[in-house]
Every structure is written in C-alpha cells, then in structure tokens.
Enquirer: 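Before we start, here is the structure in question, set down as structure tokens.
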Amino acid sequence: MSKPADQPPPSDMEVDAAAEEKPLVRFSINVLELMREAQMQHGLRHGDYTRYRRYCTARLRRLYKSLKFLHGRGKYTKRNITESTVTDVRFLHIVFYMAERAWSHAMEKKTAGPNAQQRIYMLGRFRKAVKWATLFSHLCSLKGDSRTSLEAEAYASYMKGTLLFEQEKNIEAAMTNFKNTRAVYEELGKYGSIENQLLCRQRIEEVEPMIGFCSRKLGGSALQAHELLDLEKEGPAYDLFKAKIEAVLSETRSQQAASMTEFSWLGRRFPITNAKTRVSILKAQQLEKDLNGANTESVPADKKLGIFDKIFSAYHDARSCIRNDLASAGNAENIRDELNGLDKAVSAVLGFRTIERNQLLVSIAKSKFTKHRDEKNEKITKPEELVRLYDLLIQNTTDLTDLISSGRDKNKEENTFIQEYELKSLAFRAERCFYLAKSYSSAGKRAEAYALFCHARSITDSALQQLTNSPDKALVQDLKALSDSCRSNSFIEHATGIMEEENVPERLSKGVSTLSLGERKEAFLLDMLESYESALGESNTKTPCHIARFPPPFQSVPCNPIVLDMAYNAIEFPNIENRMKKEKKGLLSRFWG
C-alpha cells in the first residue's frame, strides 16, 4: 500500500488570503452601563468602597476560573493579556475589573483620611488603575467595535485625569483628560436608548464639577465659598475632591473669621476670642445664607435637611469650644459672663434652627397626608406621625422661650421674640389637637373626634385674637384655614355619628334575627358569589375578611366496596410436602429427639 505524497506547505500569499477570508470578530461592551451597574449594586450606592473592591476580586476569580486562565498552582505564574490572548469578551472584562479593583482600593484609602505613608500607597493604586485602564482602552481599540473603543477611551481618560488631579502636579493635563471624557459622553448621549442617554448625562454631571475646580485653580482666581458649595455632588466623583473642597473652604473661613470679632443675637453683642469658635459660627452662618437664599424654593427637601444637619454640626462645634473656654477661664468674672452670654446665644440659635427643621418635616408630612399611594408606592403619612412632630415642636418652643427668659434683664427684642414663640406654641397646640382628632376619626370614635375638633377650633380662635396686629400674615392665614377645617370636620363627625346611631337599632334587629342556639355560621365570599353582600365587615372595625374557609371542611366520600373471597374455602390444594427440603439430623439428635 503506497504512502500518500507529502503536501507542499502553503505559500505566504495563500496564508494572507485565508486570513482575509476569515472575518475579524469584534466584541461589544457597554462600558458605562457595566460600570454603573456593578458600582450601584455592590456598595457604591452608600459609598462603601471596601465592599466594591471585594466584589471586583470575587468577580475576577470567577472569570479566571470560567476561562481557565489560571496562574499556576502553589506558585504564582504571571500571565499577560495581549491581543492574541483576547479570544473571548470575558478577557476584556478581566482587564476592566482589574482597573476597577485598583481604583476602588485607592478611593477606600482616600475616604479613610490617609497619612503620608498611606497617601503614597493610594497614589500607587491610582497608577495601577491607570495602567489597567490604558490596557483596556488599547485592547478594545483592537478587539472591540467602535462604540466600545470610544467608551473605553473615555474611561481611560477619566482614570488619567483622576491620577493627575490627585497628584496636583499637572492640573492642566487633568482638565484636558476630563474634557476628553466629557466630549465622548456628550457624543454618546445623542444616540442609543433613553437609559443610555441618561447614564451619559449623569457621567457628564459628575465630571463637570472637576473641570470647574481645575479651571478655577488654573485661572488663579480665589475660590469663593458659594462656588465651592455649588460644586458639591453625590457619588464617587465628588468623593475624589471632597477633601480638597473642605480644605479650601476651611482656609477661606479662617481668613474671613479673622475680621469677625463679635456675635449678634436679639440686639445683644457677644465678643468672640477663640479662632475655632469664629470659624464654626462663620460656617454655620454661610450655610444659613444658602438655606434662606433667593433660590431656596427650588432646593429639594432632602438637600435642605442635609444643610440643617451641617448647621447643627457647626453650632455644636462652636458650643463645645465655648464650654472648653469656660472650663479654662478660671475666676475671671468678666470673661465668664461674656462666654456664658455667647453660649446662651449659640444655644438659642440652635433651638431656633431646630424649630425650622421640624417645621420642614411637618410640611413634608402634610404633603403626603392627603395624597394616596402614587406610582412610586410612596408611603402616606398617618395622623399619629403629625401628632408626634407637633409634640416635638411644642417642646422645642417651650425650651427656647425658657432659655431666652432665663436672664435677669430682657431687652425689647427678647420680649418680642418670647411673645411671638408663645403664640406659635399655641398654634402648634391647635394643629396637634386637629390631627389627634383625625386619628380618633380614622378609628371610628366619633364623639372623641368631635370634641377634639371643637377644642382645636377654640384654641385656633384664641390664637387668632392675639394675632390681630401680628406682621406674620402667613401664620394668620394658616390659622384661619385651620379654623375652617376644624369647623367643617366637626360638622362631618357630628353628622356621621348621628347616622351611625340611627343605624344601631337596625343592626341590632338584624343581629338578633340571625341568632340561633346552634353553631354560628359565618358567611364567606366564595359561598355567596351570586349575592351582593360585603365579606369585608364594617370599615371602622378590625375584623378579618371572610374570603374562604381555611382549612377546608371535611367532605364525605363513598367507601370502596368490600369483596369477600368465598371460593377460597372450597379449594383443595395439592400436597407439596415431598418437594420441601427435609432437615438432616445428627447422631445425638436422633437420641435426644
């Protein structure tokens, strides 16, 4: 049998032609969607960079195992990812998650407030993130489609800008990289689905403050406090330059606090000698200007509550500094009197802002009180919650008036302030009584609700009589509306109570007619589908709904017939003893049987 002749090797032209015939596979990755989904689902929604770093590590382990791209057993063997290695889209995912893991590790160190040694380590992790992001961009340009390549380029530019921004050596290059990122996402945001356009818009909003910060640093203009506060955003991008904004703000406040020598409150002036106290009070006053500015109506309620928290923190810091000065003042009466007066003034402002914050919470709760559950399944407010909030307001006003009236001599402004907040306390009492009546009304207690509505109206009328010459027109209008609501609700409760009383004999006669000495039968909805009768019970009671019997009752079923085998006794069976194996006995067993 002859051997086949050896085939000649293919020429270079044939190899090139075969390569041209084989189509090049292009991978597609929605980089921004992949990054946002991974970050929001694994810790960064709450700023937990440690959890996100651990997720990236676990994700890399799963990718290595699924691709069988392992690094030796026992001893680590380095395996690089190159263009020839990328035969699956998961190889690009490996490079992406390597960059994300290094970045999250650096952000974890940054948010923890690193010292000098930890800062060096943090910058090293940022460099590692830039290295992997650059490799990711290079591989996507070779193996990915045009959109994937563009998104990877924007991702690498953002990482480079982050490193340069943190190093503070080349702010101009950092701004250039951030502008490149913004330009790419502006183009990508013009196409694709609505979700993709929204993601691009969010990414642009994250990059914009960083570009503004870099441009102001390059322009050499002083960063004003209100400009820095406008830069504040939520998310990982804001965490990157949050420390820088705080540093610039503290420096600006220190310069402004040098000219601040006293604190004014209700016609009294208190000197401030401690620099830390000045900075804390100045920070609180700047936040108050932002809260009470011209555009405060457009500010959402959640952001207002956040500003209130910062104001409270600043005033608490100022009060702790004042009390530390009091402890070290010794027996100097003049200094102690000035510090005591300043402490009282700061405590009064803190109480005043607390009342404003609780009034904001009341307005939020009232907006949810009258509405039903909307598309977002938002929880509606119960009247008991408003009663609790008004209890807090009454306690706050009592504490504030007691604090201001505790001095021996009061000036005109203090007397006016005390009278104003005593009237506000009366208005809060009327509101509390109104919503307490609403609570009793929802429980079906008509007599109690009617009495409380009448009492709330009497309190409101007495408050209106005292506010005849008051300049606070908004409070007067609110009290008039409350008086009308109390009047209408009292009539409704009265009429509803009479109607229920009229229906009592009918319900009694119906109940007596259905009484029996036997077992009481409950009506279930499934048993009376053809009759129009409610199975939910009364609206004011908390009886359970009778839908179906559970567990279901027993039902009688026919038994299986009993079959008697009568032929068994008449059958004669053959003898099979000869077929049975006989037991062999030994010699002893023959004698002993």
Enquirer: Compute whether any side-chain donor of one residue and acceptor of the other, for Thr85 and Thr82, lie under 3.5 angstrom apart.
Expert: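 The criterion, which ignores hydrogens and geometry beyond distance, is satisfied for Thr82 and Thr85.
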
Enquirer: Hey, is the main chain of Tyr435 close enough, under 3.5 Å, to the side chain of Ser439 for a donor-acceptor pair?
Expert: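 No: the side chain of Ser439 does not pair with the backbone of Tyr435.
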
Enquirer: Which pairs of donor and acceptor atoms, one on a side chain in residues 123-137, lie under 3.5 Å apart (sequence neighbours left out)?
Expert:
from   : atom 1 : to     : atom 2 : distance (Å)
Thr134 : OG1    : Val130 : O      : 2.7

Enquirer: Can you tell me how far apart CZ (Arg357) and CG (Leu291) are? Round to the nearest 0.5 Å.
Expert: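 The distance works out to 12.0 Å.
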
Enquirer: Of the non-hydrogen atoms in Tyr49 and Ser104, which two are nearest, and what is the gap between them?
Expert: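 Closest pair (atom of Tyr49, atom of Ser104, distance): CB-O, 3.7 Å.
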
Enquirer: Ring of Tyr97, cation from Arg62 - is the NZ or CZ under 6.0 Å from the centre and inside 45° of the axis?
Expert: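 Geometry flag: not set, cation outside 6.0 Å or 45°.
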
Enquirer: Does Ser313 use its side chain to pair, donor to acceptor, with the backbone of Asp309 at less than 3.5 Å?
Expert: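 No.
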
Enquirer: Working note: Tyr185 + Val207, criterion side chain to side chain contact (heavy atoms under 4.5 Å, CB included); need CA distance, chi angles, decisive distance, verdict.
Expert: CA-CA 10 Å; Tyr185 286 121; Val207 176; 5.8 Å; no

Enquirer: For Gly144, is there any backbone N or O sitting under 3.5 Å from a side-chain donor or acceptor partner on Arg26?
Expert: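 Between the backbone of Gly144 and the side chain of Arg26 there is a qualifying donor-acceptor contact (under 3.5 Å).
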
Enquirer: Quick one: list whatever passes side chain to side chain contact (heavy atoms under 4.5 Å, CB included) with Leu150, sequence neighbours left out.
Expert: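 By the side chain to side chain contact (heavy atoms under 4.5 Å, CB included) rule, Leu150 matches Glu153, Val184, Leu188.
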
Enquirer: Shortest non-hydrogen contact from Asn30 to Glu33?
Expert: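 What the structure gives for the nearest pair is ND2-OE1, 2.9 Å.
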
Enquirer: Hey, is the main chain of Cys321 close enough, under 3.5 Å, to the side chain of Thr277 for a donor-acceptor pair?
Expert: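 Side chain of Thr277 to backbone of Cys321, a donor-acceptor pair under 3.5 Å: no, none is there.
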
Enquirer: Can a salt bridge be assigned to the pair Arg119 and Glu166 using a cut-off of 4.0 Å between side-chain N and carboxylate O?
Expert: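 Looking at Glu166 together with Arg119, the answer is yes, because their closest N to O distance falls below 4.0 Å.
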
Enquirer: State whether the number of non-hydrogen atoms from other residues, nucleotides or ligands found under 6.0 Å of Glu172 atom CD is greater than 12.
Expert: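 Atom CD in Glu172 is not crowded, with 12 or fewer foreign heavy atoms closer than 6.0 Å.
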
Enquirer: Under 3.5 Å, is there a donor-acceptor pair between the side chain of Arg79 and the main chain of Leu70?
Expert: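 Yes.
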
Enquirer: Write down the atom of Leu386, the atom of Ala365, and the distance for their closest heavy-atom approach.
Expert: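 Nearest heavy atoms, Leu386 then Ala365: CD2-CB, 3.7 Å.
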
Enquirer: For Glu83, which residues count as a side chain to side chain contact (heavy atoms under 4.5 Å, CB included) partner, sequence neighbours excluded?
Expert: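 Side chain to side chain contact (heavy atoms under 4.5 Å, CB included) check on Glu83 returns Leu142, Lys143.
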
Enquirer: Do Thr148 and Asp145 pair up side chain to side chain, a donor and an acceptor below 3.5 Å, judged on atom types alone?
Expert: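 Side-chain D/A pair, Thr148 to Asp145: present.
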
Enquirer: Checking Asp88 side chain against Phe91 main chain: does a donor-acceptor pair fall under 3.5 Å?
Expert: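 Checked: no pair found.
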
Enquirer: Does a donor on one side chain sit under 3.5 Å from an acceptor on the other, for Glu100 and Tyr155?
Expert: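 There is such a pair (donor and acceptor under 3.5 Å, judged by atom type) between the side chains of Glu100 and Tyr155.
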
Enquirer: Just do the salt bridge (charged side-chain N to carboxylate O under 4.0 Å, His left out) check on Lys368 and Glu385 with the steps written out, would you?
Expert: CA-CA 11 Å; Lys368 298 178 182 178; Glu385 298 177 17; over 6 Å; no

Enquirer: So does Leu32 get a backbone contact from the side chain of Glu151, meaning a donor-acceptor N/O pair under 3.5 Å?
Expert: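 Such a contact is found between Glu151 side chain and Leu32 backbone.
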
